Amino acid sequence: MLGTGTPNDDPDRSGPAVAIVVGTTAYLVDAGPGIVRRAALAARTDSIPALAAERLRRVFLTHLHSDHTAGLPDLMLSPWVLGRAAPLEVYGPPGTSRMATLLEQAYSEDIAIRLRGGEPSNKTGYAVQAHDVSAGEIYRDSNVIVTAFEVPHGKWEHAFGYVFKTADRTIVVSGDTHPSDAVVRACSGCDVLVHEVYDAEAFKARTPDWQAYHSSYHTSSYELGDLAARARPKLLVLYHQLYWGGSDSSIVSQVKTRYHGDVVSGRDLGIY
Ligand SMILES: [Zn+2]
Ligand SMILES: [Zn+2]
């Protein structure tokens, strides 16, 4: 977990970003703010070469909310300055290509000066290859098959969860979602389900307008317990936790009132 955070400015929780690591290759899910530095810390302290800057080459966006994408220009440009020659491959819902193109335009002054201003840069690594995808298999190589599935995230027209099928594990990342049968079907006994959650007890103290928002865009701890009992993951990892004064243990104990499998509240730099 490179970042387990939300839009909240919790210094211990970087913006949402998950790395599926297969050998020396990383497959990133979302690009929350802080992603490149969190990856650097994991690469160094946990000796994960796949997360070295020049190896950050592909990212799968669940949806285009800013907390999941504010690190995208960082992921496009910082690894380039650090020597990555390959363009960043970005996959995501409709709007992804437009965002990537506009970001490249927004940073055109920077890119021009680094290319032609005397900096010893390579001439290729700043570019982005963006792919607007729809549900179904969207990526395949010798390590992994990646499948996108639609999840209900409030008024978003398109938000995805992703399934990563590797030689030895199936990993499902929910993205931001209201409780959904699509996640149950995608997991269906999977090895690891990484799922968003909010504290259902702390929720009661939220104002009615926020309660209306969260209950249509996100998943409560009790709802997640019910969902996990049907999805049957071997390990449930909570992320994108909304605590509102609650804690990891309060959320986990709420999930466990409905679900008796293994549950862990994800933390930044946690390895599962
Ligand atoms: Zn979010
Ligand atoms: Zn969202």
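Start at 1 with the first residue, then count along the sequence. Predicted model, so just to flag it, every value in this text is computed and none were measured. First listed ligand is number 1; within each ligand, the first listed atom is number 1.
- Ile48 places a side-chain heavy atom less than 4.5 Å from the side chain of Ile271.
- Exactly one of Arg258, Glu201, Gln254 qualifies for a side chain to side chain donor-acceptor pair (under 3.5 Å) with Tyr222. That residue is Glu201.
- For a distance threshold of 2.8 Å, the protein N, O or S atoms nearer than that to the Zn ion (ligand 1), listed by chain and number, are Asp67 OD2, His68 NE2, Asp176 OD2, His240 NE2.
- Remark: side-chain polar atoms of Gln241 are paired, donor with acceptor, to backbone N or O of Leu238 under 3.5 angstrom.
- In this structure, Arg206 is positioned above the aromatic face of Trp210, its NZ or CZ under 6.0 Å from the six-membered ring centre and within 45° of the axis.
- In this structure, Tyr139 and Tyr91 have perpendicular ring planes: the angle between them is above 60°, well past the 30° mark.
- By the 30° and 60° cut-offs, the orientation of the rings of Trp156 relative to His63 is perpendicular.
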